[in-house]
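Structure, as structure tokens:
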Number of protein chains: 2
Amino acid sequence: MQQHTETEENYLKAIYHLSNVTISSVNTSSIATSMSTTSASVTDMLKKLADKELINYEKYKGVKITRKGEKVALNIIRKHRLWEVFLTKVLKFEWDEVHTMAEELEHVSSDELIKRLEAYLDFPKFDPHGDPIPDQTGKLEINDQMSLSSGDAGVKYTITGVGEHSSAFLKHLAKYGLKPGITVSIAEIMEFDKSMLVKVNKEKFHLSLEVSKNILVKKYGII
Amino acid sequence: MQQHTETEENYLKAIYHLSNVTISSVNTSSIATSMSTTSASVTDMLKKLADKELINYEKYKGVKITRKGEKVALNIIRKHRLWEVFLTKVLKFEWDEVHTMAEELEHVSSDELIKRLEAYLDFPKFDPHGDPIPDQTGKLEINDQMSLSSGDAGVKYTITGVGEHSSAFLKHLAKYGLKPGITVSIAEIMEFDKSMLVKVNKEKFHLSLEVSKNILVKKYGII
DNA sequence: TTTTATTTTTAGATTTGTCTAAAATAATAT
DNA sequence: ATATTATTTTAGACAAATCTAAAAATAAAA
């Protein structure tokens with residue numbers, strides 16, 4: 001069933017993620033950056049993935065993921081996110097600690113294992129970072145969230161996710177106790193730099209635009 | 001901490017297991033057989049493991065695992081067996097289904113993950129096949145069990161483990177409902193071929209010597 | 001529309017783990 | 001004790017994934 005190497009799976013995952021950020025096709029160098037490797041290595045791999053019909057690849061023209069490739073990518077993402085839920089909910093890891101472990105666990109091949117894990121976790125729809133978990137067929141619920149940076153002063157919001165997944169960013173949020181599920185209200189928005197003062201459980205602190213941009217929320221009460 | 005490849009880990013595990021069966025040093029061809037590969041490949045790997053001081057290797061003289069190599073092997077075995085407990089106890093897999101999945105899971109590197117898993121499972125001392133689970137330092141409880149084949153007619157025994165782990169053998173036992181925890185009494189031992197008639201919950205059936213040899217038991221009541 | 005700069009691809013090496021076939025060593029049998 | 005057989009190691013090759021450096025193609029600027 002899963003006739004792909006771990007490396008191929010990782011490339012597909014990266015291409016899938018980049019496809020959701022890029023308008024047209026994904027270019028070689030952006031894949032190289034996101035995989036921390038060289039463009040030459042990426043080109044080699046693109047040929048291999050194209051041979052397997054997981055991507056459409058035209059020399060010098062970049063890459064588009066195929067339906068088939070997308071299904072493979074979504075299955076890896078499904079595993080990754082379910083393992084993240086397991087690690088936080090069952091083994092009580094913090095949400096900013098689980099990514100690396102899930103990167104290894106996502107390549108464990110058994111689909112039956114992941115089906116049972118999903119049932120054991122009671123069919124969660126989102127991972128600890130608020131990202132949706134694809135079902136077996138690759139379908140995923142879209143969480144219609146907005147960026148905290150586009151919120152209004154005086155309004156209460158519930159954090160539903162993050163727009164950036166780097167360990168540095170997550171640990172920064174963790175320091176303030178900010179994570180999905182937490183309620184924040186915007187106390188004041190500074191005109192000159194769009195930074196904001198927010199209130200969380202009586203505590204107030206300052207968030208730069210860079211940070212508030214990457215905090216995803218819904219209006220409080222609307223779930 | 002774990003600077004070894006998955007392949008190196010698998011070789012070490014195989015060598016460790018063979019060391020427990022062999023009197024003196026482990027020879028190349030037995031490793032090749034147990035790894036389903038060629039002697040040439042084994043020789044190549046032995047050099048690499050010797051360079052890392054995980055084994056003592058003398059050309060043409062076979063191999064002895066070092067203290068350091070044993071620690072690595074025991075850590076893999078620890079992970080393997082804890083994951084097997086997780087798969088059976090938590091995800092409700094049958095004891096004869098979990099080996100292959102555990103072979104993948106055992107290479108997930110995080111020691112913290114396995115520590116938490118162990119605690120979550122309430123520090124099990126044996127895996128679903130009755131094999132002891134090493135602790136963090138590599139120590140393991142020895143289960144002083146005997147082979148059912150050396151049992152006496154008219155006596156009741158509790159199954160504690162198996163002496164052979166092939167899927168074929170485990171599925172054969174599963175068919176009769178035989179697995180660790182089950183109580184069997186020996187109804188009769190046939191003189192001519194040492195086969196035996198056993199009783200399990202009112203049902204009687206016949207076990208060949210080949211099978212009874214590989215069923216490990218304790219006298220009923222003695223745990 | 002040339003020239004320049006950037007991006008992408010090729011060419012050729014390297015590393016890991018594997019293989020087959022041949023050579024070297026050890027074990028066994030006469 | 002020597003010949004035969006079996007085991008183990010070497011030699012040389014290959015596939016996967018990577019790299020650096022150079023060539024080719026595309027995009028941007030003059």
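Computation of the quantities below employed the complete heavy-atom set of this structure, encompassing side-chain atoms and omitting hydrogens, waters and symmetry-equivalent molecules. To find a chain, count down the sequence lines: A is the first, B the second, and so on, and within it residues start at 1.
- Distance Q3(A) CD to dA16(D) C1': 17 Å, rounded to the nearest Å.
- Rounding to whole angstrom units, CE of residue M45(A) and P of dA16(D) are separated by 10 Å.
- Checking K61(B) against N27(B) by side-chain atom types alone, no donor-acceptor pair falls below 3.5 Å.
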Enumerate, atom names and distances included, each donor-acceptor pair closer than 3.5 Å involving a side-chain atom of residues 168-180 of chain B, sequence neighbours excluded.
none

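- Residues E118(B) and R78(B) are paired through a salt bridge, judged by an N-O separation under 4.0 Å between the basic side chain and the carboxylate.
- Nearest heavy atom pair, residue I15(B) against residue I31(B), reads CG1-CD1, 3.8 Å.
- In this structure, E6(B) atom CD and dT16(C) atom C1' are separated by 13 Å, rounded to whole Å.
- Listed by residue number, T37(A), T38(A), A40(A), S41(A), D44(A) are the residues of residues 26-44 of chain A with a heavy-atom contact under 4.0 Å to DNA chain D.
- Using a 4.0 Å cut-off, no side-chain N or O of Y57(A) falls inside it from OP1 or OP2 of dT8(C).
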Please list each protein N or O that sits under 3.5 Å from an N or O in nucleotides 25-27 of chain D, with the distance.
residue : atom : partner : partner atom : Å
dA25(D) : O4'  : Y60(A)  : OH           : 3.4

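- Contacts of residues 11-24 of chain A with DNA chain D (heavy atom under 4.0 Å): Y11(A).
- Taking the centre of each ring, F86(A) and F86(B) come in below the 6.0 Å mark.
- Distance E58(B) CD to dA26(C) C1': 14 Å, rounded to the nearest Å.
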Just list the side-chain donor-acceptor pairs under 3.5 Å for residues 50-58 of chain A, sequence neighbours left out, or say none.
residue : atom : partner : partner atom : Å
K52(A)  : NZ   : Q3(A)   : O            : 3.3
K52(A)  : NZ   : E8(A)   : OE1          : 3.0
K52(A)  : NZ   : E8(A)   : OE2          : 3.2

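- The structure places CG of L87(B) at 6.0 Å from CG of L105(B), a figure rounded to the nearest 0.5 Å.
- Remark: P of dA16(D) and CG of N10(A) are 17 Å apart, rounded to the nearest angstrom.
- Between H129(A) and H99(A), the ring center distance fails the sub-6.0 Å criterion.
- Annotation: of the two residues near DNA chain C, T7(B) and L46(A), the 5′-most nearest-nucleotide partner is L46(A).
- Residues satisfying the side chain to side chain donor-acceptor pair (under 3.5 Å) test with K13(A), not counting sequence neighbours, are E103(A), E106(A).
- Between R67(A) and E70(A), at least one side-chain nitrogen of the basic residue sits less than 4.0 Å from a carboxylate oxygen of the acidic one, meeting the salt-bridge criterion.
- Under the 3.5 Å distance criterion, with hydrogens and angles disregarded, a donor-acceptor pair is assigned to the side chains of E164(B) and S166(B).
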